[in-house]
> 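Here it is: the structure, laid out below.
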2 protein chains.
Amino acid sequence: MLDATSSYNPMDRRIPVDDRTGQRIVPETARRADRLSGNRYGNRPTMKDVAARAGVGLKTVSRVVNGEPGVTPDTERRVQEAIEALGFRRNDSARVLRKGRTASIGLVLEDLADPFYGPLSRAVEEVARAHGALLINGSSAEDPDREQELVLALCARRVDGLVVIPAGDDHRYLEPEIRAGVATVFVDRPAGKIDADVVLSDSFGGARAGVAHLIAHGHRRIGFIGDMPRIHTAAERLRGYRAAMEDAGIPVEDSWMSLGVTGPERVRRAAEEMLSGPVPVTAVFAGNNRVTVTVVRVLAEHSRSVALVGFDDIELADLLKPGVTVVAQDAAALGRTAAERLFRQLDGALITPERIELPTRLITRGSGELPPAD
Amino acid sequence: MLDATSSYNPMDRRIPVDDRTGQRIVPETARRADRLSGNRYGNRPTMKDVAARAGVGLKTVSRVVNGEPGVTPDTERRVQEAIEALGFRRNDSARVLRKGRTASIGLVLEDLADPFYGPLSRAVEEVARAHGALLINGSSAEDPDREQELVLALCARRVDGLVVIPAGDDHRYLEPEIRAGVATVFVDRPAGKIDADVVLSDSFGGARAGVAHLIAHGHRRIGFIGDMPRIHTAAERLRGYRAAMEDAGIPVEDSWMSLGVTGPERVRRAAEEMLSGPVPVTAVFAGNNRVTVTVVRVLAEHSRSVALVGFDDIELADLLKPGVTVVAQDAAALGRTAAERLFRQLDGALITPERIELPTRLITRGSGELPPAD
DNA sequence: TAGAGCCTGGACAACGTTGTCAGATGCGGG
DNA sequence: CCCGCATCTGACAACGTTGTCCAGGCTCTA
């Protein structure tokens, strides 16, 4: 958390105190003072001001602003002029309060800086835009508490809907919100302990196919490097790995699997260990894009040729020598599907929670087709 | 724009009409009906409900919710129980209306799916979080109208501040907003026709250094492929290219410069033309990350060895053969700097608009050090 | 035990908008 | 000439919260 010693404390719950006198500074008073002193904050014209200037009633201004019928052209012109002159802009906060809908949805994901989430977020945004809604983004940094904090903050803002890429595994805290009408769709990983819509990639099937691909090219000693198994996708991919191995009747050595590996250094160490261990692997299956990138680095420094299939596509994968074979998932499709489902909920279609699984696609580029070198 | 034939029309300005009777459907009535029928929408408990259940006054609930002093432990407990039982959550819309600050800032950028903007957005989010504010994102898709639409929508929501990566070149429409107190910082490109804070990378200096680097390695026929010169960064990089060439006393052929090139196909064509033209180039300077990626592809298919320096770092650039030499800018630093400046404005520090330029860094990896092959 | 002062709690207005409803205006026809 | 009707306009309440301010009960001291 960055330091924030500032006077901008929108959510501050303490009562500010004057340094010299020790008196409580009453915020309202402060705000009034701002207004009177011509401070730049606040002090925006309201419909009332526009009405006064145009010499019409409040509601007439509202009608003009909202394009409602029943205003003579002449009156409308006068109102428009007043709006122009004062630089009036409707206060949507007040509008929201009155109407009950905020026309905004929230998206909670792991890390907006991850190239996997950018396209996903953009896809959600496009769908929201098509429905006249804005998008509020938040990164949970894979921290369940932060996820909950974010989600509840969004609920307090009364977002109409939530798209959540869960970090935690217990979402019962969302029950009252969902009951109260907040549309909710989970993406990439299912919700924990509640029944809700979820859109995910076929991690199990994708991983299984990827590993089977390596087996088909003659590999039997195949390593798996993945994230913490408490993350659903990581667990599913591991399950896919195991299933493919079992399908082929290959017993798996413990030293071939590295789980809960995050951060480039740990991935590097894990890869080096399974490449030089007592029973060295001839191929590696990488559980996500970050792992893939690091493994590519390690293999580039490695003398022996080692096959690689990664989960998630990465940019420029086709230009490496050899090209990196991957099990690709479509991040944008995940986001789009989830958002569309969200707005279907908001349309009031009484739909029972569903699990939507999108297929993955094996893209062969060379690294996965290398023969075992042992 | 996606199709949106839905009943969720938060911004709808038309008056809905009953299909059968032709009567106007009065939204308020509809909403009341929803409530009465136990519809899941709306119908959330308010402080009043909590107060009634706890047998206390409205303001007492407010005090408990906001952690204000002056409530006996026993009363507080009763209120907490009522909150728990009803699943109450404070309505921040109403709070915002009363307090005048929304504790949210807006970020308008070109495309969240672009790997350059992900880290930038994340950095802005972190700073916002440190100040207790949420972040609303919007993509302008490089369309000035859409930028304006987004910005004004955010202003109507009364965001406390705006970070804008401009698509247009005239931001006078923001003048009333800024006067009204919306803190504003532009990033990556300066604002048009208004005086405002701006944080940018040293595009001119970076490009000049990058091209000088190629010249230092013996190149004289150097191509430039960049975006539309109406985009400030593109123009600056072109200027840097020209400056470096002029510094070295090298006259520039028109056929070496491709401007306003967007989309992989056009970049590809531009690159092929300058490689096979009457005076073929021996090196290429790529004006942004998307151009770089495509040029790398073209060069990979090309027999003759051609040097390349790109503006913006790209992932895996070090793993290509040869590694891609780039002029790197720090997207996260841009975002962080801009956001910090924004909150400094909100703190009320009377600061005059400033232009902050962040340095770029030349990262040599091989492609920029190839000798001319002619 | 009375009075001063503190602590707790609650009634009320206000934030800026929209929905309701009734009043004003103008027009045409009887 | 007046009535009815349609059209246009505006007063008012409500949305859910917070700031202000006062009342009532308590403690403490003289």
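Protein chains get the first letters and strands the later ones, always in sequence-line order, with residue 1 at the start of each.
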> According to side-chain hydrogen bond (donor to acceptor under 3.5 Å, both in side chains), who are the partners of Q148(B), at least two apart in sequence or on a separate chain?
none
> Do R179(B) and E175(B) meet the salt-bridge criterion of a basic N to acidic O distance under 4.0 Å?
no
> Nearest whole Å is fine: how far is dG16(C) P from D49(A) CG?
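Atom CG in D49(A) sits about 8 Å away from atom P in dG16(C).
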> Can you tabulate the close N/O pairs, meaning under 3.5 Å, that link protein atoms to atoms of nucleotides 6-9 of chain C?
residue: dG9(C); atom: OP1; partner: T72(B); partner atom: OG1; Å: 2.8
residue: dG9(C); atom: OP1; partner: T75(B); partner atom: OG1; Å: 2.2
residue: dG9(C); atom: OP2; partner: G70(B); partner atom: O; Å: 3.4
residue: dG9(C); atom: OP2; partner: T72(B); partner atom: N; Å: 3.2
residue: dG9(C); atom: N7; partner: R63(B); partner atom: NH2; Å: 3.1

> Just to confirm, is there a sub-4.0 Å distance from OP1 or OP2 of dT18(C) to any side-chain nitrogen or oxygen of R90(A)?
yes
> Given dA14(C), is OP1 or OP2 found less than 4.0 Å from the side-chain N or O atoms of R98(B)?
no
> Round to the nearest Å and state the distance from R95(A) atom CZ to dT17(D) atom C1'.
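Rounding to the nearest Å, CZ of R95(A) and C1' of dT17(D) are 20 Å apart.
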> Would you mind reporting whether I194(B) and I178(B) have side-chain heavy atoms less than 4.5 Å apart?
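Sidechains of I194(B) and I178(B): in contact.
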> Considering residues at least two apart in sequence or located in another chain, which fulfil the salt bridge (Lys or Arg N to Asp or Glu O under 4.0 Å) criterion with E149(A)?
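Salt bridge (Lys or Arg N to Asp or Glu O under 4.0 Å) check on E149(A) returns R129(B).
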> Is there a donor N/O on one and an acceptor N/O on the other, under 3.5 Å, for the side chain of K59(B) and the base of dG19(D)?
yes
> Quick check for you: among dT17(C), dT18(C), dT18(D), whose closest atom lies nearest to any side-chain atom of N91(A)?
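Nucleotide nearest to N91(A)'s side chain: dT17(C).
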> Quick check for you: among dG16(D), dT18(C), dT17(D), whose closest atom lies nearest to any side-chain atom of L58(B)?
dT17(D)
> Rounded off to whole Å, could you give me the NZ-to-P distance for the K99(A) and dT20(C) pair?
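Computing the K99(A):NZ to dT20(C):P distance gives 11 Å.
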> Using whole Å, report how far CG of L97(B) lies from P of dT17(C).
9 Å
> Report the distance from atom CZ of R77(A) to atom P of dT9(D), rounded to the nearest whole Å.
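R77(A) atom CZ is separated from dT9(D) atom P by 12 Å.
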> Hey, does S62(B) reach any base, or is it just sugar-phosphate, or nothing, if we go heavy atoms under 4.0 Å?
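It contacts base atoms.
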> Below 4.0 angstrom from OP1 or OP2 of dT17(D), is there any side-chain N or O of K48(B)?
no
> Tell me: CD of E68(A) to C1' of dC8(D), nearest whole Å?
13 Å
> For the residue pair L109(A) and L112(A), what are the closest heavy atoms and their distance?
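Heavy atoms of L109(A) and L112(A) come nearest at CD1-N, 3.7 Å.
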> Round to the nearest Å and state the distance from M47(A) atom CE to dA14(C) atom P.
20 Å
> What is the distance from CG of D92(B) to C1' of dT18(D), rounded to the nearest Å?
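One finds 12 Å between C1' of dT18(D) and CG of D92(B), rounded.
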> Roughly how far, to the nearest 0.5 Å, is the CD atom of E125(A) from the OG atom of S139(B)?
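Answer for the OG-CD pair, S139(B) versus E125(A), is 3.5 Å.
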> Do N137(A) and S121(A) have a side chain donor and acceptor closer than 3.5 Å?
yes
